[in-house]
Amino acid sequence: MNAHDTSGTEGDGSPVTVLRAPIVLEYEYSAGQSASRFLRAIAEGRLLGQRCPVDGRVYFPSRGSCPQHAVTFGDEVVELSDKGTIVTFSIVRVPSKNIPLELPYITVNVLLDGADTILMHVLDADLDDVHMGMRVQAVWKPREEWTTSTENILFFRPIDEPDADYDSYKEHI
Amino acid sequence: MGDERDMNTAERALTASHTLEYTYKRSLGPILSRFFTGLRDRKLFGIRRADGTVMVPPREYDPDTGQALDEMVELPGEGVVRSWSWVAQPRPQQPLDHPFAYALVQVDGSETPFLHVVDAGDEANMETGMRVRIRWAGETAGAITDFVFVPA
Amino acid sequence: MAELTAVVGIGQTKYEAKRDDLSMPGLVREAAERALADAGCSWADIDAVILGKAPDLFEGVMMPELFLNDALGGAYKPMLRVHTAGSVGGSTAIVAASMVQAGIHDRVLCVAYEKQSESNAIWALSISVPFSLATVAGAGGYFAPLVRGYIRRSGAPEDTGIRVAVKDRQNALRNPLAHLHLEDISFDLVANSPMLWDPIRYLETCPSSDGACALVMEKESLASRRPDKVAWIHATEMRSEPTMFSGRDQVMPRATLDNAKNLYRKAGITNPRREIDCAEIYVPFSWFEPMWMEGMLITERNQGWKMTYEGATAMDGDFPVNMSGGVLSSNPIGASGLIRFAEAARQVRGRADQHQVDGARKALGHAYGGGSQYFSTWIVSSEKP
Amino acid sequence: MREVAVVGFTQSPSVRREPDRNEVEILIPVLQALREQTGLAGAECDFICSGSSDYLAGQSFAFVSGLDAVGAWPPVSESHVEMDGAWALYEAWVKIQMGYADTALAYGFGKPSMGDLPITLALQLDPYSVMPLWPDTISVAGLQARHCLERGLFTADEMAAVAVRDRGNAKTNPYAQVKGDFTVEGILAEPFLVNPLRKSDCAPISDGASAILLAAGDRATQICERPAWIRGFEHICEPMDFGVRDLGRSRGTEIAAEKAGVSSDKIDVAELSAPFTHQSILVERALGLPPETRINPSGGALAGNPLMAVGLSRIGECAARIFRGEADRAVAHATSGPCLQQNLVCVLEGR
């Protein structure tokens, strides 16, 4: 980018009323200590949760610490199933630059079996079928495409299991 | 079920690069519009403050008192360097791709030096008090980058 | 203890999708000059400037208050910049008030703004950083699942949100400053508008606006001498909780309940529905009116939708909500909370023009933000406590 | 005014790059250490305020994750300034003054190493007529340094002596990043980074965090054996335009210092947040420090510069010396914006 790209209107004699200001900044992010372990595991197709040392709750995805108790998670991990329950959902018909999915798509808050926190993801299902309590399972990318990213899971898909009881997930809405 | 595994804290965290990119569109309002229209037309405008002095670039208000200002004054495209920094290794975002000076330039007829660029070729050509004049870009667009200063 | 403090001047810009007739300094000055004129003050009469706005990425200026301070007459004065997500406008008013309540300043200028047309709000709110999967499309994408959770819990009729949207948009027709003036607003128009984030329809969402709001606040000994009505600040409160933790009730967060309890205790209010004459509540998606009627303890749990249904929150109801048209009608994000606080003050000063609630003496201003995790509120009154 | 004191201070080490920990992971140990020091550092506090910057983090609402380090449960009364944590402390102090709180936590954090800091800070400049030229922080500071040098306000030797002093002092500070035995001659032999500034004239880029606990009256003496009582706390913002400011002095610091009562008595210690050697001299003069004052015993910003925490840390370093009985009266300074645009002064006393 060159600052000379900054421009208003071209020279047709009309007043300049707008300034175009291109801003390009490069950042180098760190996933942090604990989330990195979780991401490395997902590169192997494993879903690792972490247990809060205060109340024993299992966090997935883990950001390395418990926001409620402000403690860093210890070394204990909990391997989770890639099946879970839809806690709540939305059908999205608004395009967003950051989301490469075709409209409409379904966003879901999934409570993975064995986890005590929700994972926000997307669901591939008939729009009319999706409902709270629906049982779903992750659909993974081909193994050779796995990286250290939650995008290894393409989406969730309904499975043939009876709905979860409302009481079993209502505290996670 | 708990699965005890060694999550050795000596492991390095994962890092990744990320680009934050957007082209903002800044509406200018009446005073700044006149200033930038002037630049497109290769004219430099300042604005008269309550005490009669002229400041450039113009503000819609007096910086010391907040009082609204509106009397635009055309200024000559030359002035004096009041201070400068020599950029030996320009960054990609910066206006010139060869060494240059950022300078505080006080344009004739104005009392307030402002930050701009002096394309002086060599550091040895820079001196506080030196005269500089505007060199307009081949095409002006109505932006502060429509010109640089060069030694007069 | 705290110095009694009053709002003595209120100024707002016209809210529009693009205020492309103004620069950023021009925008904040339009609101601030009106607030000063209302208060009969000049820039020189202000002791400090408190400025609030949402993320800097909206306008692409890092800490823009630094370059805007002198546009607000703030040269060689103290200046603070507040940022608490969507609740920031409310928090800014509370921080400004605290400067006077603490006896540090006699008179402060409080300004909040957003010039969203300089960029794109959904972009700025949804920037995905490495290692995180982007599935949340803007604020609507985040809040729609929570609205569904509320509907499931409360058994609210599916058209509750439509009714809120119609009511707020009708109120906006009385407010010349509002961004959206939908003359032909009707139940069917909202019901037939596209479903964006199911169950949230297009006309149940807030717009993206440019705008600024400003308040002048003053200590008691100055404000008491004024011939016109002022808005006395009876209580302010803020509460925050983390975005996500196991078992967090995102639909009815404890932070809102704690915030409401503390606010009313400090304001000496025991029956909020009866003692408060009207309220401006931060409702960016229509369903949040019934949700925050419960969250602010105006009514019982799971009963909020009934207030909407029974017309209690309409202009002529027993508890009018969002007389100005609310966030649904004007939403310069960083200013939206302050506009709520300002409208509450306008009401108790009897200066709300066409959207005045007759005889309003005590009003609630409310803002929230983040993942329903930041709350800021105040109670203002035409009478001293 | 209520009697309010700093009763606890903790910080992370300042490091050039913290690749392995995110902001929350940097902050948690700082707050845990504060809890060990004082018994409270989270939801037990009556009020909490933080300082951070979205542009340092490269994303909107960066401060929201910072709250994850606090343990905000049950929900806390909390606010945030998009400023250095020193101003968060000011807001917290105001909340105690108005009787809203008796104890308050302030913290600041930043990881400027994630981006190109001198360019990121160009986004602070006037967005219409300055930012599009992308002047980096060092070039902007250089304009001020040359202005002062050529007016004869001080010499390059005096600037170098600031770096020698601060980085020598920092040798005893385990949290400092740049420390050691520098000499004026050695520094003057360095090539210019941006003429007239050499590398040693500039504060380093640092990642880090710090936290302070405030308490009023008897609570202060219960928590801390020798609290650092706040006797003056003021801040001033100048216009940004370089053309309308006197770059040869820090007018804002002068006004804040006068209002805070700096000049009325002896000063054992001063901690300055000036990120360039010439700015350190300007701040020192603006504060009117007597010759016997020990300046930057921690090394100051030139030894460790975790943006958004560095100003708060200056107050903390002063307070820590009062806790330990090494000082009776101290002055701390914080700054923000180009060329010392915004300044804060805090006066602390052992009794």
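It should be emphasised that the depicted structure is a prediction, and the values quoted were computed from it without experimental measurement.
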Trainee: Which heavy-atom pair separates D:Asn22 from A:Arg63 by the least distance, and what is that distance?
Mentor: ND2-O, 4.0 Å

Trainee: Find the one option among D:Gln59, D:Glu18, D:Arg17 whose heavy-atom pairs under 4.5 Å with chain A are most numerous.
Mentor: D:Gln59

Trainee: Given heavy-atom pairs under 4.5 angstrom as the criterion, report whether the side chain, backbone, both or neither of D:Val70 touches chain A.
Mentor: backbone

Trainee: Tell me, side chain or backbone of D:Pro127 under 4.5 Å from chain A's heavy atoms, or both, or neither?
Mentor: backbone

Trainee: Please examine the side chains of A:His69 and D:Trp73, heavy atoms only from C-beta on, and report whether any two atoms are closer than 4.5 Å.
Mentor: no

Trainee: Measure distances from D:Leu123 to the heavy atoms of chain A and classify the residue's part below 4.5 Å as side chain, backbone, both or neither.
Mentor: side chain

Trainee: If you round to the nearest 0.5 Å, how far is CD of A:Glu28 from CG of D:Asp116?
Mentor: 12.5 Å

Trainee: Locate the shortest heavy-atom distance separating D:Gly71 from A:Ala70; write the atom from each residue and the value.
Mentor: N-CB, 3.3 Å

Trainee: Would you say CZ of D:Phe323 has more than 12 non-hydrogen atoms from neighbouring residues, nucleotides or ligands within 6.0 angstrom?
Mentor: yes

Trainee: Are the side chain of A:Tyr29 and the backbone of D:Gly58 linked by a donor-acceptor contact shorter than 3.5 Å?
Mentor: yes

Trainee: I'd like to verify something: which residue of D:Lys111, D:Arg21, D:Glu23, D:Met131 has the highest number of heavy-atom pairs under 4.5 Å with chain A?
Mentor: D:Arg21

Trainee: Taking side chain as everything from C-beta outward and backbone as N, CA, C, O, which of these in D:Leu117 sits under 4.5 Å from a heavy atom of chain A? Side chain, backbone, both or neither.
Mentor: neither

Trainee: If you define the side chain from C-beta out and look only at heavy atoms, does anything of A:Ser34 sit under 4.5 Å from D:Glu25?
Mentor: yes

Trainee: Return the option, out of D:Ser65, D:Ala57, D:Pro29, with the maximum number of heavy-atom pairs under 4.5 Å with chain A.
Mentor: D:Ala57

Trainee: If you count heavy-atom pairs under 4.5 Å between each of D:Leu67, D:Ile28, D:Leu27, D:Asp68 and chain A, which one has the most?
Mentor: D:Asp68

Trainee: Heavy-atom distances under 4.5 Å only: say whether A:Gln68 touches chain D with side chain, backbone, both or neither.
Mentor: both

Trainee: In terms of heavy-atom proximity below 4.5 Å to chain A, should D:Ala43 be classed as side chain, backbone, both, or neither?
Mentor: neither

Trainee: Within a strict 4.5 Å, meaning less than it, do heavy atoms of the D:Trp134 and A:Ile23 side chains meet?
Mentor: yes

